[in-house]
Amino acid sequence: MEEQAEVKLLGRWFSVFSVRVEWALKLKGIKYVKIEEDTTNKSSLLLNSNPIYKRIPVLFHNEKCFSASLVIIEYIDDTWKHNPSILPQDPAERAVARFWAKFIDEKLTEVLRNVIFSRGERQERQVKQIKDAMEVIEKVLMLELKGKKFFGGDADVGLIDVVLGWLPIWLDAIGEAAARTQIIFDSQKYPCLDKWTKNFSEQPFVIETLPPRDKLVVHFKQLRKLMRASAARVASKI
């Protein structure tokens with residue numbers, strides 16, 4: 001097993017991308033040091049370690065750094081090969097897991113993040129995209145889980161679980177912050193998602209890392225206010 005003391009994670013408490021990497025590390029039992037990044041005043045550590053995208057999270061290990069949460073999670077799983085495995089061993093199942101992880105990020109995670117900063121018709125379109133994506137995921141859960149607790153199996157959390165695990169709390173928090181109650185999680189509309197969410201949220205590594213919903217709401221409201229004030233200043237100069 002790799003030496004654990006040299007693992008560091010540059011992230012932010014409210015970032016779904018950062019938190020999912022922490023879940024992967026905790027799932028594997030890897031000790032790490034968390035470095036909180038100020039995303040409003042990006043550090044030289046972030047800019048030097050991720051000069052292309054300049055975004056968190058960044059994982060440091062063996063004097064190397066890795067960015068993009070899905071890339072980091074695969075690196076963690078490939079480097080620390082002991083159980084539990086996060087990605088399936090079977091190539092076909094592995095490809096399917098990667099497909100749905102990409103779908104979740106492109107169709108749900110990124111769109112939800114943009115809801116914070118948008119309004120009007122643009123925000124309406126984004127809300128519809130989120131609802132459409134959730135309906136797809138609900139159908140996938142109905143077909144794929146078939147009585148299992150997680151995508152990785154009845155007892156094992158897998159890649160899709162880790163990638164999607166943020167959904168209910170962040171969805172509710174951003175929905176409230178952006179005054180979009182339509183996207184607040186509806187357990188009756190998405191019963192399979194609700195059941196899966198409850199199973200996932202009960203995992204010790206999730207409980208240890210999940211930020212409080214109220215704290216997220218306050219943060220996203222402040223962020224939305226700052227971004228809209230910034231946009232107003234720019235508009236006044238045009």
E37 (side chain) donor-acceptor with I56 (main chain) under 3.5 angstrom:
no
Where G165 and P168 come nearest, the two heavy atoms and their spacing
O-CD, 3.9 Å
State, with a plain yes or no, whether a side-chain heavy atom of C65 is found less than 4.5 Å away from one of L59.
no
Taking the side chain from K8 and the backbone from K34, do they hold a donor-acceptor pair closer than 3.5 Å?
no
Show the numbers, then the answer: is there a ring-ring contact (aromatic ring centres under 6.0 Å, His included) between W196 and Y190?
CA-CA 10 Å; W196 168 84; Y190 308 107; over 10 Å; no
Could you check whether W23 and F200 have their ring centres less than 6.0 Å apart?
yes
Is there side-chain contact between K26 and E208, with at least one heavy-atom pair below 4.5 Å?
yes
Please list every donor-acceptor pair under 3.5 Å in which a side-chain atom of residues 109-117 meets a protein atom from a residue at least two apart or in another chain.
{"unit_1": "T109", "atom_1": "OG1", "unit_2": "I104", "atom_2": "O", "d": "3.2"}
{"unit_1": "T109", "atom_1": "OG1", "unit_2": "D105", "atom_2": "OD1", "d": "3.2"}
{"unit_1": "E110", "atom_1": "OE1", "unit_2": "R113", "atom_2": "NH2", "d": "2.8"}
{"unit_1": "E110", "atom_1": "OE2", "unit_2": "R113", "atom_2": "NH2", "d": "3.2"}
{"unit_1": "N114", "atom_1": "ND2", "unit_2": "E110", "atom_2": "O", "d": "3.2"}

Output, in order, the C-alpha distance, side-chain angles, deciding distance and verdict of side-chain contact (heavy atoms from CB on, under 4.5 Å) for K28 and I86.
CA-CA 9 Å; K28 285 286 193 175; I86 298 173; 4.3 Å; yes
The test is side-chain contact (heavy atoms from CB on, under 4.5 Å); show your working for W166 and L108 and say whether it passes.
CA-CA 11 Å; W166 59 268; L108 191 57; 3.9 Å; yes
Test your reading of the model: is there a side-chain donor-acceptor pair from S18 to the backbone of R12, 3.5 Å cut-off?
yes
Using a strict threshold of under 4.0 Å (side-chain N to carboxylate O), is an ion pair present between R94 and D78?
yes
side-chain hydrogen bond (donor to acceptor under 3.5 Å, both in side chains) filter on N83, not counting sequence neighbours, yields none
Is D90 reaching over with its side chain to a backbone N or O of A92, donor-acceptor style, under 3.5 angstrom?
yes
Would a 4.5 Å heavy-atom cut-off, applied to side chains only, mark N199 and F150 as touching?
yes
Closest non-hydrogen atom pair, N50 against R55:
ND2-O, 2.8 Å
Exercise answer: donor-acceptor pairs, residues 133-144 side-chain atoms, under 3.5 Å, sequence neighbours excluded:
{"unit_1": "E138", "atom_1": "OE1", "unit_2": "L193", "atom_2": "N", "d": "3.0"}
{"unit_1": "E138", "atom_1": "OE2", "unit_2": "C192", "atom_2": "N", "d": "2.9"}

Donor-acceptor contacts, no H, no angles, side chain residues 210-223, under 3.5 Å, sequence neighbours left out:
{"unit_1": "R213", "atom_1": "NH1", "unit_2": "E176", "atom_2": "OE1", "d": "3.2"}
{"unit_1": "R213", "atom_1": "NH2", "unit_2": "E176", "atom_2": "OE1", "d": "2.8"}

Treating D77 as the side-chain partner and L87 as the backbone partner, does any N or O pair qualify as donor plus acceptor under 3.5 Å?
yes
Which heavy atom of L159 sits nearest to which heavy atom of A97, and what is that distance?
CD2-O, 3.8 Å
Are R20 and I73 close enough that some pair of their side-chain heavy atoms sits under 4.5 Å apart?
yes
Here the gap from F60 atom CZ to I72 atom CD1, rounded to the nearest 0.5 Å, amounts to 9.5 Å
N48 side-chain N/O to L45 backbone N/O, donor-acceptor pair under 3.5 Å:
no
Using side-chain contact (heavy atoms from CB on, under 4.5 Å), reason through I130 and L171 one step at a time and then give a plain yes or no.
CA-CA 10 Å; I130 290 167; L171 192 72; 4.0 Å; yes
Is the shortest side-chain N to carboxylate O distance from K198 to E202 below 4.0 Å?
no
Heavy-atom side-chain contact between Y75 and H61 under 4.5 Å:
yes
Transitive ILVMFWY cluster of I52, excluding itself - 4.5 Å side-chain cut-off
Y53
List in chain and number order the residues that pass side-chain hydrogen bond (donor to acceptor under 3.5 Å, both in side chains) with E63, two or more places apart in sequence or in another chain; answer none if no residue qualifies.
none
Is the backbone N or O of P88 less than 3.5 Å from a side-chain atom of S85, with the two atoms forming a donor-acceptor pair by type?
no
Side-chain touch S201/I207, heavy atoms, less than 4.5 angstrom
no
Side chains of L9 and P57: does their closest heavy-atom pair fall under 4.5 Å?
yes
Report yes or no: does S15 contribute a side-chain atom to a donor-acceptor pair with the main-chain N or O of G11 at less than 3.5 Å?
no
So do F14 and T39 actually touch side chain to side chain, heavy atoms under 4.5 Å?
yes
For K102 and F99, indicate whether the former's side chain and the latter's backbone hold a donor-acceptor pair under 3.5 Å.
no
Before accepting this row, confirm whether a basic side-chain N of the pair K128/D132 lies closer than 4.0 Å to the acidic partner's carboxylate O.
yes
With side-chain contact (heavy atoms from CB on, under 4.5 Å) as the test, would you mind laying out the steps for Q126 and E121 before giving the verdict?
CA-CA 9 Å; Q126 291 167 345; E121 291 184 6; over 6 Å; no
Nearest heavy-atom pair of P191 and Q188: which atoms, and what distance?
CD-O, 3.6 Å
